[in-house]
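Notes follow once the structure below has been shown.
Atoms considered below: every heavy atom in the structure, side chains included; atoms not considered: hydrogens, waters and symmetry mates.
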Amino acid sequence: MIGTPGAPVEAPREVTVAHAPRRAGSTPWRLLLRRPTFIAGAVILLFWITCALFGTAIAPHSPFAQQLLATNMRPSAAHWFGTDQLGRDVFSRVLVGSRSILEIAALATVLGTVLGTALGLVMGYLGGVVDLLVSRIVEAVLAVPLIILALLFVTALGSSVLVITLVVGFIFTPLIARTVRSAVLVESQLDYLSSARLLGENSARVMFVEILPNVMPAILVEFTVRLGYAIFTVVALSFLGLGIQPPTPDWGADITANYGVLPAGYWWETIFPALAIMSLIIGVNLVTDSIEQVLAS
Amino acid sequence: MATYLLRRLGLAVITLWLLSMIVFFAGQVLPGDPGRAILGPLAAQSSVRVLDQQLGVDRPLVTQYWSWVSGLVHGNMGQSYEFRSPVEPFIHAALLNSVKLAALAFIVVVPLGILGGVIAALNVGRPIDRVISITGLSATTVSEVVSGVIIIVIFGVELKWFPVSASAGTGASDLSQLDHLILPAIPLVLVLFGYIARMARAGTIEALESDYARTATLKGLKRSVVIRRHILRNSLLPTITVIATQTGYLFGGLVIVETLFNYQGIGKLIYTAASGKDFPMLEAGVLTIGIVYMVATLIADVLYTLLNPRLRLGSTG
């Protein structure tokens with residue numbers, strides 16, 4: 001660029017400008033799909049989502065069918081993951097058990113993200129009393145581990161799928177709001193906001209039409225990170241007996257139901273749900289990590 | 001320095017007060033009628049009313065909150081619904097047990113995490129760095145439910161190296177208690193290792209790239225001396241903060257680990273209180289954990305200020 005003034009410089013610059021909007025739309029996707037970690041994570045997630053949707057059709061046995069003559073059977077050709085204390089097929093229960101956790105974790109994260117984004121926009125853009133108050137509430141919420149706060153609220157409200165979803169979603173709200181707030185604060189230094197304000201746009205329009213599209217990447221990363229935490233929390237709650245109630249197949253609840261017979265050597269009844277949880281969390285983390293890397297580059 | 005500490009203390013008090021409101025709201029407003037909850041749906045309305053009066057839950061909410069909070073300030077954390085006695089002795093004993101378990105985990109994980117992070121930083125981009133970073137990250141994200149179960153199967157059931165239950169029984173020697181605590185400590189170590197190693201790695205890399213490290217190398221100091229005298233002192237500062245923050249989160253893991261290994265700590269206490277709907281016990285447990293977290297972060301802030309020469313100069317000069 002140095003030392004070549006005039007027309008030759010002009011032409012390529014125009015080309016870049018013309019291409020810029022199209023590139024912004026498609027490149028992140030292409031960059032993501034080029035990452036093996038993203039592909040691996042997405043495959044794991046898609047596998048469990050398929051199981052959650054069609055688990056009962058895929059599973060070789062009914063997850064509820066008890067065979068009292070074939071309890072605590074080791075893994076075999078007939079029962080890949082063995083059978084549990086009631087003679088139910090562990091493999092089928094693991095496949096179908098993905099439904100409850102994905103459902104609750106995803107819904108709770110969506111709820112927290114929507115509410116948290118709205119709150120974060122208001123905190124970051126309008127500031128004032130709301131900002132001050134919510135920031136302090138975030139501090140208070142952070143002082144207690146997520147699982148314990150969720151445990152307290154779910155106990156108070158009585159355990160059900162709806163309650164767990166709402167409780168986890170509401171606890172996430174101030175935490176997500178804080179992330180969105182700091183992203184908004186960065187944006188509010190930029191020129192396009194002062195011009196929007198000078199044009200006389202009202203606050204709601206500035207927040208949701210001007211700022212929101214620009215903080216979307218930060219919200220996306222926050223969403224995937226929180227999804228991981230939601231899975232963590234829901235597993236912990238159902239392990240503690242506050243989630244899905246038996247006999248509905250659920251990874252956390254199945255671990256609780258069977259870890260009592262671990263010392264007797266029946267490891268397959270708890271290990272396989274545990275490995276399923278691990279694979280789901282690893283899948284979410286691989287996807288999160290890839291999105292973060294692509295957005296940072 | 002003094003004003004800074006006072007400010008930090010003030011903020012901590014405000015945060016605790018907000019936390020107490022959240023806990024009070026969850027434990028005493030949301031559940032509805034405690035008398036009904038304790039006596040069950042078949043009890044006569046008159047006996048429910050008498051019990052509510054005994055528990056003091058028929059008073060206005062503001063009065064209830066005030067008497068609860070002023071009790072807390074005087075060290076009276078409430079009466080357990082289940083045991084009909086003050087909750088402090090239970091909290092005290094359970095906290096002591098949890099501290100034992102947490103201390104064991106920290107004694108193992110802090111040197112290990114710092115060592116791992118520093119080794120990774122000194123070998124940035126080489127395979128050993130990738131191995132340490134990826135292992136740390138994976139271990140951090142795996143729920144204690146999962147790691148706990150896998151550890152029980154491998155070391156407790158198959159190899160039979162360690163007892164599966166964490167409680168050694170009353171009157172057991174310290175050594176045998178330690179033996180019982182090793183397995184439950186592993187899931188906690190796994191979760192914490194990644195955080196501490198990542199922080200130590202980032203701090204070390206930053207120090208390695210600094211001007212003073214370059215100066216020290218250029219004036220001819222040996223690499224080991226540069227690392228020991230110039231790098232480590234600076235790189236470990238942010239790690240202290242992370243260790244303190246993790247103390248709080250450790251208690252979240254304790255609920256699961258203590259339940260899984262049947263250990264009578266504060267996590268198990270909270271779990272038992274939740275299953276029995278013993279709200280005063282539950283509230284006291286949650287608040288205790290909040291206080292532990294506050295104290296830990298406060299200590300970290302003080303340590304950070306004391307150890308960081310830049311901050312020290314800034315406040316006196």
Among B:I291, B:I256, B:L250, B:L260, residue most engaged with chain A (heavy-atom pairs, under 4.5 Å)
B:L260
Applying a strict 4.5 Å limit to non-hydrogen atoms, the region of A:L157 in contact with chain B is side chain
Considering only heavy atoms, give the residues of residues 14-22 of chain B separated from chain A by less than 4.5 Å, sorted numerically, with 'none' for an empty result.
B:I14, B:T15, B:L18, B:L19, B:I22
Do you know which of A:I148, A:I137, A:L242, A:I281 has the most heavy-atom pairs with chain B at a distance under 4.5 angstrom?
A:I148
Take atom CZ in A:F153; do more than 12 heavy atoms of anything else shown fall under 6.0 Å from it?
yes
Measuring from atom OH of B:Y271 to atom OG1 of A:T155, what distance do you get when rounded to the nearest 0.5 angstrom?
10.5 Å
Contacts under 3.5 angstrom, residues 264-275 of chain A side chains, donor-acceptor by atom type, not counting sequence neighbours:
unit_1: A:W268; atom_1: NE1; unit_2: A:M73; atom_2: O; d: 2.9
unit_1: A:W268; atom_1: NE1; unit_2: A:T83; atom_2: O; d: 3.1
unit_1: A:T270; atom_1: OG1; unit_2: A:W267; atom_2: O; d: 3.3

Part of B:V23 lying under 4.5 Å from any heavy atom of chain A:
both
Counting only non-hydrogen atoms closer than 4.5 Å, does A:L142 touch chain B with its backbone (N, CA, C, O), its side chain (CB onward), both, or neither?
both
Selection residues 131-160 of chain A - residue pairs positive for salt bridge (Lys or Arg N to Asp or Glu O under 4.0 Å), sequence neighbours left out
A:D131-A:R181
Best-contacting candidate, A:I277, A:V235, A:N285, A:L146, against chain B by heavy atom pairs under 4.5 angstrom:
A:N285
Could you pull out all residues at least two apart from B:E144 that satisfy salt bridge (charged side-chain N to carboxylate O under 4.0 Å, His left out)?
none
Residue pair A:Y259, B:T259: steps toward the side-chain contact (heavy atoms from CB on, under 4.5 Å) verdict
CA-CA 11 Å; A:Y259 85 91; B:T259 308; 4.3 Å; yes
Can you tell me which portion of A:L262 sits under 4.5 Å from chain B's heavy atoms? Options are side chain, backbone, both or neither.
both
Go through A:L240, A:V144, A:V141, A:I255 and name the one with the most non-hydrogen pairs under 4.5 angstrom from chain B.
A:L240
For the CD atom on B:E206, are there more than 12 heavy atoms of other groups (residues, nucleotides or ligands in this structure) within a distance under 6.0 Å?
no
Chain A contact via B:L287 - side chain, backbone, both or neither, heavy atoms under 4.5 Å
neither
Okay, B:I270 and chain A: the region with an atom under 4.5 Å from a heavy atom over there is both
Mark yes when over 12 heavy atoms from residues, nucleotides or ligands other than A:R88 sit less than 6.0 Å from its CZ; otherwise mark no.
yes
Smallest separation among heavy atoms of B:A26 and A:A156, with atom names
O-CB, 2.9 Å
Looking only at heavy atoms, what is the nearest atom pair of A:A236 and B:V145, with distance?
CA-CG2, 4.5 Å
Looking at chain A, which one of B:T297, B:V286, B:V292 has the largest number of heavy-atom pairs inside 4.5 Å, strictly under?
B:V286
